[in-house]
Structure formats: structure tokens, C-alpha cells
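A short write-up of the structure that comes next.
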Amino acid sequence: MPFTTGAMVGRDSDLARLAGAIGLVDSPDGSRGGVAVLSGDAGIGKSRLLLQLTSDADQAGWLTVTGHCVGQAGSALAYLPFVELIGLLDSMAPDVVTQVLGTHPSLARLLPRRDGDTAGITDSAKEANPGLVAESVHALLTALGADRPTLIVIEDVHWADHSSRDLLTLLLTRAFTTPVSLVASYRSDDLHRKHPLHETLAVWDRIPHVTHVSLAPLPDAAVDEIVVSIEGIPSDARTLREITQRAEGNPFFAEELAASAVAGQQISGGLGRVLRARIERLDETAQAVVRAVSLKGGRYIGHELLDRVMGLPEAELEAAIAQAVEHHVLETKWPPAYTFRHALLGETAAEALLPGERLRLHKSYAAVLAECPQLGPASELARHAAASGDLPAAVAASRAAAESAIGMGGPQDALFHLEQALSWLEDHDPERDEVGIRAAEAATAAGDTLRAVRLLKDSIDHPGPRQRPEMRAELLARYATLSRMLDLPVDGLGLTTQAVDLLPPDETPRRVLVLIAHAQQLVDEGAFVAAVRTGDEVIAMAGNLGMSDSLLEIRTILTRVIEAQQDLDAVEAYLRGLLDDVAGTDNPIQLRLAHQLAAVAHRRGDLRAALEHYDEGTRIAHRLHLEWAPWGLDCRLLSGLTAYELGEWDSVAGRLGLASKLTPQPARALFEAAGLAVPIGRGEPVPPSRLSALREWWYVDGMIIVLSVMPGIDLLGDSGDLAGTLEITCDAAKALDKVWVKYHASVRMAALLAGQVAALAPAAEADLRTRAVQTVEDLGARASQLIAKEVRKAKGADWDPTDLDVLRDSSTETWAWAKRLEAERLRLAWTLGHEAPPPADDMVRAWRAAVEGFDRLGHIFEAARSRARLAAALHAAGSDAESRLVADAAREVAGRLRARPLLVELDAVLPHPAARGAAVELTPRELEVLALVARGLSNGQIGKQLYISTKTVSVHVSNLLAKLGASGRTEAAAIARDKALLP
């Protein structure tokens, strides 16, 4: 009874949606191609629907091909569905595949059985990179689409390996220039919060052009139609009703239950019982074969492997397979290979295995695969060897599988295999440290630096009795170097000092590695003399050993020594010289050099040059396929932040978007935090919960704190939440004190908080107002200490802590924010109405300096915000004409950036020119308050007269000032009289 090939029932609307999504049906513009994701529970009809879709596409003249993901060990095989898919395409369109191989040799990674085409490629780490593999697949599909419309189907991606998920994400995101359609399906009832596909689906949901089709259970009428079409089904209504009810809209369940009814079996048990009954109808030999197949490591098990595992006479084996196929338990393909008709049958068969039988089968699989490795991947041997208790063989196979994954550009899959090997190794096994280091390298290559750090720390904390001193030295050095990429509480210098002491003085590559790590820690600590001495030792040793990459690395690290002398010209010249030495090569050190050149430009206030260097670093990372390595990731992140500063807000989302790649934490949190600045600056709704989620990663990286707290101050402040603004600022300061101690961000944080407190404190309750002012003073004092330290560094012994202008060229950003902080503190004193408020002229001078600072830096938005407050100060000083000119300049920038909060602030200072002279609409209560304000009454007096609270009066007064465009109560009364709002 070939249930799966019968007529499709109840899915016409779903089929129409899929056909429309891929352009199979006529579209308004006649276009072909599109992408879709199909989901649904196991057995709900995904495969049947896709079979109909591909059949319809075939009849329309399309090229169709399907790749399958598999469960169990198949999820650890890099690019498994694409290996199947590309292999099929090679048999269907060999000329096209050969042509694409000529321009994209990495495609050969997915064609392991094609003779002659992989020569010279297998050992190429560069062409094994996931980026090149993805480009080659995209190029092949594009070439196929140029010949005729092409439909690619990937089934069961809930079992997909990490590399395949990443490649699918790229294909779903990236458009095709020829008629190519892609449909991916997954089993939704397999997913849970920690499932690997869970986060990938969140990315897919944000891709605008992807059509998502979720299959719901079929209605009872459709299930009835399926059941009654099965030959031999009992015709009584009770049986039909029971099948329909128990199937609950799942066609596979309905078919299985109907099959049991046809066989005359009871339907009282669950589906598992029904499936087991299907298997138990086979004879003992066929059942044994089915149970053996249930432990297979891929979708299909080849005939030769099954033959060797079972050890049966050929005729007996073939008879058993034929019986299983006849009873719809197994399916076959050519060349001879077998799989279960449905994955649930395989799972049921595996669950029925007795412990001893399971062990014997695993031993048999392991023995056969060890003797004939061509019959299965190394990962399959590792799984069976581990399950049978042969851990040394499992470790060796798992390491081999990891190297294969790295060779195919799948570092995440390699990490899986290596961590499996670590789980099988005892602490005393000397091989454990080597595997741990390799696993840390794989984690770093996959962008998961935190995982890499934890792997190394585990090897350090649990050394085992056989850990060699030289191996421990390497572990300590690597741990220190990786930890500085984050902000974990690690004594890096102590670790590298210990590592150096553990090594003999012999000139070895390991000693070079350890000394480079030590020199980096010395530089970080400011011990420049010792750093140079260590660097000289490395240079001599690396030169003797011919380690050219290590020479470049140590020279790059020593750049900080020149930088400490505050000679940015010398630093730039030195960096450019190093960059010239590696020009035209694929040396990853180019990334770090581009990053450091950008940092020098930023310190000078040349944001445009900084952005060019960051963009160049991003291009280098893309060319070398190191987008998610530490320096490549940093260049992309900082390019987005610099574009924000330059006012190129519309480009920020594209620079910081992560749709094309899932990034491990905490890197993802960095990009999410950086992405907050533009929406918050534009006043778009950003739930505070996003800030709370980012705080989970504050302990890992101080940059996450900075990137989330700065826009967070504005978000909470603009919403009027003064208490929340104080809380997030104080918490951030405490967290940064732990990871950075002294940090330039303290100046910016104090200035931003002072600005929000100046706006909110006057209307706050007395206790909250007092706390807010004290917090500003505390942060201001801390910022002043940092500024004084920077001034002393710039001027040496002859320094004046109040001479901020010495930082104008060496630390332009800090200089600009220091000017802003000074102005905001004066503004705060003014708005609080102190008995001796600062003179308006002093505020004007301070805000002119703040504007100059941000103009010099090139920070477009903060320059405009400073101009808005300069306009308010000018207005308070009586310089209305200049105030309007300055406000109009700020308004032009705010309008271009669509910075709504800044526009609101400007309108509160001076109404928009279009609104000047326009009628003002006030509520009756506001008119009452206005009349009393004009009489000179205080808020408290007005509250008593109108029987309302002082706080409510303050809100009304603030609204009045905003509506009238007045900077104070006296001006509000004058404007009200001019507009005849008062008698």
C-alpha cells in the first residue's frame, strides 16, 4: 500500500502558497524564483506536499533536486544535505558543475567522489572556508537557473548540521539573478528553546522576502478521505471515526492506524505500539535487519555496510530487506541503500533494542568502519566506537572527523567532534590537552571566543597528573591571550609570567608563542620597557626559526609602545610600514593593522579616515573569510559605530546586521547593543527589556556595557524615567569599575546623565532630585580624574589639569565630551534654579566650546544636540537672533537624521519657524495656570490656589513653556500677552 504516493489531500491552499512563493505559478511581472520555509509536525504531510510541488515543477520544465538532512550522527556531518544535492546535480548537469568548478574550486568540497576535480584542493585551508563553499554553491545554482528555472528542496533541516544551517541562511538571504527557487522544511514539534535550529529560525523570520508556510492539522473530512482511499479499510463508521479522532489531523498517523485496521489489529494502543506492530509482523531475520538499520549514522545505509554488519548469507539478507520494503518499513534506492519509510519507524525500532543487542550492533558497526573507512564518515565510527566502549578508537575517529570538518570549512562542526572527544578522555590522558587546544582554536574560528576561553580554563583547572610543563605553559599563554579579547577577571600578566617560567630557554615555536602572549600582557599593563625587552627576544628567536608571521605579530603589538609617547604621526607611519610588508598577501595580521590605523584616526578626530580604515578591514576580513574572527568582527562593529557618529544613520543597520550569520554570544550582544543608538536617537519604540537582556553579558565585555548604557540613558531619560536612568548609569559605572577601572567612557556617561538630569530633575520629587544631582557630581568627579590623567600624560611634568585643550588632537573624543560635561553641569545648575545660578554668558561660552568639540570630532548628532542647548543658552542670555540661527542649524541636522527627540527639544526652546506666529491651543486648566504664572506665583502657590499638587503644576508649566516656545516663565507671560491669551 504505497500511502505516500497517493493523491494529495487537503493541502491545495498550502501548495498554492508555496507555488506562488517560488514563482511556479504566473506572477504579475512574470518573474520566477523565490524562497520559502515549510514547517509542521512529524507526519503532517510536508514530504507529500513537497513531492507534489517538485512534480508540478518537473511538469513545468523546471530542474528539481532534493537534499535531505538526517538525524543522529548525520547532524554532525558538515554540509551533508548539500553533498547529496550537489552529487545529484553533478549527475543531472555535469557540464554546468564542471564549468562552475573551474571558477569556484571550493565546490569540489561537496563532490568527494568526483575523480580528478579535487586535486590540489583538499589541503587548502583557504578554499575550505565556509564563505568560499557558500559562494560556490550560490554560483552553481545561479548557473543552473540561467539554463532553466531551478527548484532546490532541503528536507528536515531540524537535523541539519551547523554548516548547512549557515549556508541555508546565506542562500535564503542572498538574492539570485536567475530563476532559482529554494524551499527548506523542518519538523516543528522537534524544536525546543535550546535546539540548534531555534535561533536560526529567528533569523529566517526577519528575512523579508522569505515565505513561511506552516502546515496545520488536516480537517476531519480530509483525514476521512485519506483513510477511505486505503484498500481493504473496514467500512464501519466506528472504525473510521476512531482512526480520524486518533490521527488528530496527522495524515501519517491516519495511514498507520488504517494499516493496522487493515491487518485486523486493535487500535487501542498509541502510535508507538502501532509502529512496533508494523515491525513485529516481519520475521526474526527481517526484524534484526530493521533494528540494525535503526542504528545507522545517516539517512541511508549502504548495502555493503549493512551486509558486513549483519554477516548474513547474501540471499537471506536480500530476502529480509525485501520483506521490510514490502511491509512499508524500509525504502530503497540505487545504488543499493536503505532507509526507513518514515523517521518515526526508525526511532521506534531503535527504542526497542535490548541493551546487549544495542552494544553488539555498535561493536559490529565500529569494527566494520574501522576496517573499511570508505563505508562511512569518521564521525560515524566515533559514535559507534564510543557506544561500544572503545573510547581510544572513538577519540581518534572524532579527531579525524574534526579535521575533515575544518577541511570542509565547518569549524562549528569540528568543535562538536572535538568536544565529544574531550568527553571521552580521562583527565590523566596526555592527549587531552592537545584536543582541548584544538577545540579552543575551532571555537575561536567559529566566533565563539567565550567557549574557547572556557575550554582552555578547564584544561588549566583540571591538569591531570601527566600534564607536561611545556603544555601547561602553552595553555596559560593561550588562555591569557583569548581572555583579553573579552573582559573577564583574569590576571593575564601573572598567567604569562608563570608560562614563561615553565619553559626552558631553548628556542622553540612554543616559546615564541608564550613570549608573544607575555609581551602583549606587558603592553596592556603599561610595562613598556619590559615589553620591548621581551619583544626583542621574540624578534631574534622568531628570526632564527623562520617564523615570519610571529615577527609581524610582535611588531604590531609593540606599536602600543610608540603610541604611549603620544606621537600619533609616528604610530601611523609605523603601522603603514607594517601594512606595506604584508600587502598583496593573505596574512590575517592585515586585519589588526587596519583596526589600529582606524583607532589612530579616531583619536585624531578624523572620523572619515577611521571609517575608511574600518571598511578596509571589513573588506580584508571578507576576502580572507575571517568576518567573524576577533579583528574582522571588530572592524565591522566599529564601522557601524563610526557611521553613526558621522551621521550616516541609514547605513548603520546594514553594517551591524547579523541576518546572514548566526553569531555566538557575546559578539551578538555587542552588535545588538551598537544597533540601539539609531532607533533611540530617532525616538522609535525600543522596549527597555532589550537593555535588560544585554545586561546578562555585561560581566563578559565592558564594550557591551558602554554600547548599551549610552543609548539606554537617552531611552530612559527621554521617556521621563529619571529613577531608571540613574539605576542603569550607576550599575554600568560599578560594572565598568570592575573590568576597566579607568576608562574614557566615564566622561561621556557623566555628560549624558547630566543632560538628562538637567531636563528631568526640576520636576522630580525632592529625594530623587537630590540623588540625581549627587550622582552627577560623583560621576563628574570620576570623569575629572580621568581627564586630569590624560592631560598629565599629554603634557608630562609641566601640566595644568584644567588645560583640556591639550587633548584636542591626541584624544579628540574625550576632549569633546569633557567640554560637553562642563556645559551640562552649568545647565543643570541653571535649571535647578539655585540661589546663585551660573551667569547666562558662562553657559553660552561653555556650550560654544561643546559645539566646537563635536564639530572637531565630526560627531554630527552630538554637535547638533550641543547646538540645541547653545540656542537655549543664547535665548536665556537675550541673544534671540543668534539663538534662532543656531537652533535652525541644529534643526536641519535633526530633520535629516529623523531625530525626533532632538526636534522636540528644539521646539521646546524655539518653535519651528513654520509654527512661529501660529495659534496656540491651551486647555482650560493650562489657561488658569498661565494666568497665575503671569502674576508671578510660584508652583507651590499656584497648587494651593487651584487645589492641585505642586508636581502637577510643574507638569502644566512645562507643557505651557513647550507650547509657547518660551525658555522661562517671564517669557511665557510675554508671549501669552502678545497672542492675546491673557486679559
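Because only heavy atoms are used, hydrogens play no part in the values below, and waters and symmetry mates are left out as well, while side chains stay in.
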- Query: Under a 4.5 Å cut-off applied to non-hydrogen side-chain atoms, are Leu15 and Asp56 in contact?
  - Reply: yes
- Query: Is the closest basic N to carboxylate O distance between Arg174 and Glu135 below 4.0 Å?
  - Reply: no
- Query: Which atom pair, heavy atoms only, marks the closest approach of Trp159 to Cys69?
  - Reply: CE3-O, 3.7 Å
- Note on the structure: Correct closest heavy-atom pair for Ala36 and Leu18 would be CB-CD2, 3.8 Å
- Over all heavy atoms of both residues, which pair between Ser39 and Ser188 is shortest? Give the atoms and the distance, please. CB-CB, 4.5 Å
- Carboxylate-amine/guanidinium contact Glu403 Arg399, below 4.0 Å: no
- When you check the side-chain N and O atoms of Ser185 and Asp156, is any donor under 3.5 Å from an acceptor? no
- Is there a donor-acceptor pair under 3.5 Å between the side chain of Lys46 and the backbone N or O of Gly40? yes
- Message: Show, in sequence, the C-alpha distance, side-chain angles and deciding distance for Val35 and Trp204, and conclude whether the side chain to side chain contact (heavy atoms under 4.5 Å, CB included) test is met.
- Response: CA-CA 11 Å; Val35 290; Trp204 291 358; over 6 Å; no
- When rounded to the nearest 0.5 angstrom, what distance separates CZ in Arg17 from NE2 in His212? 9.5 Å
- Item | Side-chain donor or acceptor of Ser364 paired with backbone N/O of Val309 under 3.5 Å | yes
- Query: Short question: side chain of Asp161, backbone of Ser164 - any donor-acceptor pair under 3.5 Å?
  - Reply: yes
- Query: Do Leu51 and Met8 have side-chain heavy atoms sitting under 4.5 Å apart?
  - Reply: no
- Note on the structure: Of all heavy-atom pairs linking Ile279 and Ala349, the shortest is CD1-CB, 3.7 Å
- Item | Distance-minimising heavy-atom pair for Leu215 and Gly45 | CD1-C, 3.8 Å
- Please answer whether the main-chain N or O of Val180 pairs with a side-chain N or O of Thr150 as donor and acceptor at a distance below 3.5 Å. no
- Would you find a donor on one side and an acceptor on the other, under 3.5 Å apart, between the side chain of Thr332 and the backbone of Ala337? yes
- Query: Are the charged groups of Arg165 and Glu199 less than 4.0 angstrom apart, N to O?
  - Reply: no
- Please name all residues satisfying ring-ring contact (aromatic ring centres under 6.0 Å, His included) with His158, sequence neighbours left out, ordered by chain then number. none
- Assess whether atom CZ of Arg11 is packed by more than 12 heavy atoms of other residues, nucleotides or ligands within 6.0 Å. yes
- Could you tell me whether the side chain of Val97 reaches within less than 4.5 Å of the side chain of Leu111, counting heavy atoms only? yes
- Query: Between Asp413 and His162, is there a donor-acceptor pair closer than 3.5 Å when you use the side chain of the first and the backbone of the second?
  - Reply: yes
- Item | Heavy-atom check, side chain of Pro81 versus side chain of His68, under 4.5 Å | no
- Under 3.5 Å: donor-acceptor pair, side chain of Thr54, backbone of Leu50: yes
- Query: To the nearest 0.5 Å, what is the distance between OH (Tyr365) and CZ (Arg383)?
  - Reply: 8.0 Å
- Message: Within this structure, what is the OG-CG distance for the pair Ser181 and Leu63, rounded to the nearest 0.5 Å?
- Response: 11.5 Å
- Item | Euclidean distance, Leu107 CG relative to Gln99 CD, rounded to 0.5 Å | 12.0 Å
- Message: Any side-chain to backbone donor/acceptor pair from Gln287 onto Leu282? Under 3.5 Å, distance only.
- Response: yes
- For the pair Val368 and Leu305, evaluate side chain to side chain contact (heavy atoms under 4.5 Å, CB included) and give the outcome as yes or no after the intermediate values. CA-CA 7 Å; Val368 172; Leu305 176 58; 3.6 Å; yes
- Do the side chains of Ile154 and Leu168 get nearer than 4.5 Å, heavy atoms only? yes
- Item | Worked check of side chain to side chain contact (heavy atoms under 4.5 Å, CB included) between Asp448 and Gln665 | CA-CA 7 Å; Asp448 198 345; Gln665 294 286 20; over 6 Å; no
- Message: Given 3.5 Å as the limit, does a donor-acceptor pair link the side chain of Thr178 with the main chain of Thr142, or not?
- Response: yes
- Could you give the distance from CD (Glu155) to OG (Ser47), rounded to the nearest 0.5 Å? 4.0 Å
- Could you check if a side-chain atom of Leu170 sits within less than 4.5 angstrom of a side-chain atom of Val137, using non-hydrogen atoms only? no
- From CA spacing to verdict: side chain to side chain contact (heavy atoms under 4.5 Å, CB included), Asp14, Leu38: CA-CA 9 Å; Asp14 298 313; Leu38 176 66; 6.0 Å; no
- Indicate yes or no: at least one non-hydrogen side-chain atom of Leu140 is less than 4.5 angstrom from one of His104. no
- Say whether, by atom type as modelled, one donor and one acceptor occur between the side chain of Ser55 and the main chain of Gln52 under 3.5 angstrom. no
- Item | Any side-chain donor near an acceptor of the partner, Asp220 and Thr244, under 3.5 Å | no
- Side-chain touch Val289/Tyr338, heavy atoms, less than 4.5 angstrom: no
- Task: Kindly state whether the ring of Phe176 and the ring of His138 have centres lying under 6.0 angstrom apart.
- Result: yes
- Message: Give me the atom names and distance for the closest heavy-atom approach of His417 to Ser398.
- Response: O-OG, 2.6 Å
- Item | OH-CZ distance between Tyr300 and Phe340, expressed to the nearest 0.5 angstrom | 12.5 Å
